[in-house]
Amino acid sequence: MKALILAGGFARRLGPIGERLPKAVLPTEGDSVLNHLLRKLERVGLEAFVSTNKRFEPFFRQYKNVIVEEATSEEQKLGAVSAINYAIKKIGINEDLLVACVDNYFSSGLDGFIKSYEGVPQVGIYHVGARPDMKAEEMATVKFEGSDIHPPPKDSFYIKEFKEKVKPPLSQYVSMGVYLLPKRVFPILDEFCRMKKQDAPGFFIQHLLERGEKLKGHIFPGEWYDIAHKSYLIVFKEGKLLESSECCVVVERPIGDRMTLSAVATHPGRQKAGNSPSAAVLFFVAVLQAHTWDRYMLNTGFFDSPRYALHQVSEKGFRDFVRSYDIRYYEEETYANVAVSYESENLFLQINGRTEASTTADMSNQILVAQIPMLVHPDPREVLVVGLGSGITLGSVLTHPVDRAECVEISPAVVRAAAFFREWHDDVTKNPKAEIILDDARNYLLASRRKYDIIVSEPSKPWISGVSNLFTREFYEICRKRLKPGGILCQWFHYYSMNPEDFRITLRTFLGVFPYAQIWNADNNVFLLGSEEPIRIDVQRMEERMTIRKVAADLGRIEKKNPYVLLGNFLFGEEEARQYVGEGRINTDDLPIIEFSTPRHRDEYRHEEILESMLNAFPRYDAYPLVGHIAEEGNTINFRLGNFRFTSPIDWQSGAATMVRSVVPGDRFEDAEGPFIAYRLEASMLGAKGEELRMVALTRGAFSDERLKMTVERLSRGERTVGKGTVEGQAAYWSAYRQERPGAALSWHFPPNKLQYLLQLVGPEEEDPEHLKDLLLEGASCSEFIGYR
């Protein structure tokens, strides 16, 4: 596939500027439209050709692959369709062609447009319903299934009707000057030019549809406008031309009786030496973009992660960092600036520049904050979600057979933005069991008398003004009153931007309201479960629910395929939690410590210190994080691996792949099904003081004997002396070895919990490898298996 940019020029509506300067080089959003287009094409790997004419050729000498028509006036120049046909023949294009008209500026990228291509003519489509400055009847409009609603049911669709400038318009969806033409329509294009029909792309597309060709449309979100827009005319329409050259156009316009404004349109990169930016230049740019602020600058989020932002700026440069992603939706409203942006296969929601939800890095947390309480609660029927975000969390709630799911969202723009994530939440806005309520969640809970089995509080950054009052004692007390007997509040928050003391204050505040609690961990985030009654985990019930088709599919997206993998996120119960946080200050409405303390530490990134403090909270325990058998003792969950007793496993989710490679070297191991529950902890267990115990549990079926043996060889760094035995009747392999340090390895599969265990124990220099092996074998007994039937 090739790309052709139509950059001919001669814009009548621009007055003197159109006679002296091609639209392709007009300054728009900080650069020329042509440069914007070329960068978008470069990102998708398309070779681009630029079509212009003899009159404006000097403006394009710096560019590659320029095709020049002989025209020097508007009367001589080719129309857009003829220009496409001329370029195809001139350079002998014999492959599909993407065509972009240079008088169109759009903020989104081209990757989605290209991915939706199916070998039939395809047109870029834009919804102008919310743009009072644009009239649909002045452009080509389309009809398709769902064209009476916005956003449409799908981003890509087949067009039923296409008309150029008709009244009344077919819909509020218009063609926006980006086309994909399969090479098989080139003969039709040539015939169309010979017939001398109206020489505009819209008429040719209409002609294709009338011939019976299938025609596909693809929605372009974000910003789009015609570069010959009236915002230019405000300055140039009645202005007096003072100077015109290849570098700039200068127009003088009287303002009142005694003032004159000079407006300058400068070709980016071609300013005259000695010319410095003047007030006139700044005025022109302001008028040009009077309909919008620079949404990219407003969404940089420099303040949220300054260290990261400065690093990116140093790597990419300021301009490339600020515009390193495509904004597909943007709205400024009373509560916030809301944007939906896209970069590198990641769609993400931004609120005032902060990323609040995404389809990659945040996916696990968005799902777990709903699935954990839904799987733990005995029978959740009525659920409230605080904050819609992307809608993915509400979608996860609705994978269960609930009677009703309410979501309270304060921002109407966020609700509109969530429509862009419908692919990831099964379009929750159309689910009959869901109700989205536009209100302040705290006020809603105060005024409502409805009670819930589960309340999920999704806003996760307790230092943000407007969100911080959802992390106070008073808010938790409100939630407690709105829970049914046995009801659970699930609170999500990040700790990667907190210091240890603020982290403890946040936990302590929650634990001060709920007598029973659990803390779950995932990738520098915690999920707090609070209730007025004991919270018990029924593993069998959990497994049964995880077989529900929609629940299994939802958890499958984050590779949580059975309860034992999910329980790898369990941290500790209220007894351990209270011991960890101790006595001290709490966060209240009158004294919102977190809102004012945490921002002072925002750029310190002490999450590893917090995690380490949790791991070291109980140094005298004979119990350390591992996955094994589950026993319920009181209100806490204890994990056993044979005779080893461990408490509170931590899922090292983000570092799992690295852990597996460090424990099990070799590329062939990559074919094991994920995810990995991986641990690398210093553990004092039995008589092996100071040893380092590493464990990986894999979710997959039983390994063959040969595979088990090969795994142990890899664990023991190529040691070929491998012993074979059994663990509770299951084949097991072990090895003792000495390399940089003495070590032992053990591997076996245990069918009841569907996990393949790989263990490695490494000791100090003076340790006997055989002793380490005996410790592993002694601890690997599976005689007790409590809590699972």
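Only heavy atoms go into these numbers, but all of them, side chains included; no hydrogens, no water, no symmetry mates.
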task = Drop me the distance from Leu470's CG to Leu445's CG, to the nearest 0.5 angstrom.
result = 9.0 Å
request  = Scan side-chain atoms only and decide if Asp362 and Ser364 contain a donor-acceptor pair under the 3.5 Å cut-off.
outcome  = no
query = With side chains defined as the heavy atoms from C-beta onward, is the minimum distance between Tyr444 and Leu438 less than 4.5 Å?
reply = no
Thr393 and Gln366: side chain donor to acceptor below 3.5 Å = no
task = Measure up the Phe510 and Tyr476 rings against each other and bin them: parallel (under 30°), tilted (30 to 60°), perpendicular (over 60°).
result = perpendicular
inquiry  = Please find the pair of heavy atoms, one from Ile488 and one from Ser531, that lie closest to each other, and give the distance.
reply    = CG1-CB, 4.4 Å
query = Above 12 or not: heavy atoms from other molecules or residues under 6.0 Å from CD of Glu42?
reply = no
Heavy-atom donor-acceptor pair, Lys40 side chain to Phe106 backbone, under 3.5 Å = yes
ask   = To the nearest 0.5 Å, how far apart are CD in Glu435 and CG in Leu394?
value = 11.0 Å
ask   = Judged by atom type as modelled, is there a donor-acceptor pair below 3.5 Å linking the side chain of Thr598 to the main-chain atoms of Met498?
value = no
message = Please check this pair: side chain of Glu532 against backbone of Pro485, looking for a donor-acceptor N/O pair closer than 3.5 Å.
response = no
query = Any side-chain heavy atom of Arg43 sitting closer than 4.5 Å to one from Leu110?
reply = no
query = Will you find, in the side chains of Trp492 and Asn525, an N or O donor that is under 3.5 Å from an N or O acceptor?
reply = yes
ask   = Passes side-chain contact (heavy atoms from CB on, under 4.5 Å), Phe421 versus Val340? Steps please.
value = CA-CA 9 Å; Phe421 296 86; Val340 177; 4.0 Å; yes
message = Check this for me: does any side-chain nitrogen of one of Asp111 and Arg328 sit under 4.0 Å from a carboxylate oxygen of the other?
response = yes
message = Under a 3.5 Å distance rule, please check whether Glu474 uses its side chain to pair with a backbone N or O of Asp589 as donor and acceptor.
response = yes
query = Looking only at heavy atoms, which two atoms of Thr355 and Lys461 are closest? And how far apart?
reply = O-NZ, 3.2 Å
Side-chain donor/acceptor of Arg578 to backbone N/O of Leu511, under 3.5 Å = yes
request  = Locate the shortest heavy-atom distance separating Ile392 from Ser358; write the atom from each residue and the value.
outcome  = CD1-O, 4.2 Å
ask   = Taking the six-membered ring for Trp, is the centroid-to-centroid distance between Tyr325 and Phe348 below 6.0 Å?
value = yes
request  = Report yes or no: do Glu331 and Asn337 form a side-chain donor-acceptor pair below 3.5 Å?
outcome  = no
query = Between Arg504 and Tyr580, is NZ or CZ placed under 6.0 angstrom from the six-membered ring centre and within 45° of the ring axis?
reply = yes
task = Hey, could you give me the CG/CE distance between Asp453 and Met374, rounded to the nearest 0.5 Å?
result = 8.5 Å
task = Take Lys451 and Lys481 through the side-chain contact (heavy atoms from CB on, under 4.5 Å) test and state the conclusion after the steps.
result = CA-CA 8 Å; Lys451 292 196 173 186; Lys481 293 176 182 178; 6.0 Å; no
ask   = Is it true that Asp502 and Arg508 have a side-chain N and a carboxylate O under 4.0 angstrom from each other?
value = no
inquiry  = What I'd like to find out is whether the side chain of Val526 reaches to under 4.5 Å of the side chain of Phe493, using heavy atoms alone.
reply    = yes
note = Between the CG atom in Leu375 and the NZ atom in Lys560, the distance rounded to the nearest 0.5 Å is 12.0 Å
request  = Please confirm whether the backbone N or O of Ser465 pairs with a side-chain atom of Ser468, one donor and one acceptor, at under 3.5 Å?
outcome  = no
remark   = Between Ile593 and Asn587 the two heavy atoms that sit nearest each other are N-OD1, 2.7 Å
query = Any side-chain heavy atom of Phe514 sitting closer than 4.5 Å to one from Leu483?
reply = yes
remark   = All heavy atoms of Pro500 vs all of Ile610, minimum pair found to be CA-CG1, 3.9 Å
key: Flag side-chain contact, heavy atom, 4.5 Å: Glu406 against Val385   = no
task = Mind running side chain to side chain donor-acceptor pair (under 3.5 Å) on Thr429 and Asn431 for me, showing each step along the way?
result = CA-CA 6 Å; Thr429 59; Asn431 192 310; over 6 Å; no
message = Check this for me: Arg600, atom CZ, are more than 12 non-hydrogen atoms of other residues, nucleotides or ligands nearer than 6.0 Å?
response = no
Donor-acceptor contact present, side-chain Lys433 to main-chain Val402, <3.5 Å = yes
ask   = Does any non-hydrogen side-chain atom of Trp463 lie less than 4.5 Å from one of Ser497?
value = yes
message = Using only atom types and a distance under 3.5 Å, with no angle test, would you say the side chain of Tyr296 pairs donor to acceptor with the backbone of Ser107?
response = yes
query = Given the rule in the side-chain contact (heavy atoms from CB on, under 4.5 Å) test, do His36 and Tyr105 qualify, once you have shown the distances and angles that lead to the verdict?
reply = CA-CA 8 Å; His36 285 303; Tyr105 172 76; 3.6 Å; yes
query = Counting distance only, does the side-chain N/O of Glu409 pair as donor-acceptor with the main-chain N or O of Gly387 below 3.5 Å?
reply = no
task = Find the distance between OG (Ser597) and CG (Asn499) and round it off to the nearest 0.5 Å.
result = 5.5 Å
request  = Check the pair Ile351 / Glu356 against side-chain contact (heavy atoms from CB on, under 4.5 Å), numbers first and verdict last.
outcome  = CA-CA 7 Å; Ile351 308 294; Glu356 300 288 353; 3.4 Å; yes
key: Any side-chain donor near an acceptor of the partner, Thr399 and Gln371, under 3.5 Å   = yes
message = Would you say that Ile464 contacts Arg354 through its side chain, given a criterion of any heavy-atom pair below 4.5 Å between the two side chains?
response = yes
request  = Check whether any side-chain heavy atom of Arg482 lies under 4.5 Å from a side-chain heavy atom of Leu384, and answer yes or no.
outcome  = no
inquiry  = Is it the case that the side chains of Tyr516 and Gln518 hold a donor-acceptor pair, with the cut-off being a distance below 3.5 Å and no angle test?
reply    = no
request  = Identify the heavy atoms of Phe471 and Thr509 that sit nearest to each other, and give their distance.
outcome  = O-CG2, 4.0 Å
inquiry  = Side chains of Thr360 and Asn346 only: does a donor on one sit below 3.5 Å from an acceptor on the other?
reply    = yes
query = Taking Thr359 for the side chain and Leu347 for the main chain, is one N or O donor matched with an acceptor at less than 3.5 Å?
reply = yes
request  = State plainly whether the residues Glu382 and Lys484 are in salt-bridge range, i.e. N to O under 4.0 Å.
outcome  = yes
inquiry  = Nearest 0.5 Å, please: how far is OG in Ser341 from CG in Asn299?
reply    = 6.0 Å
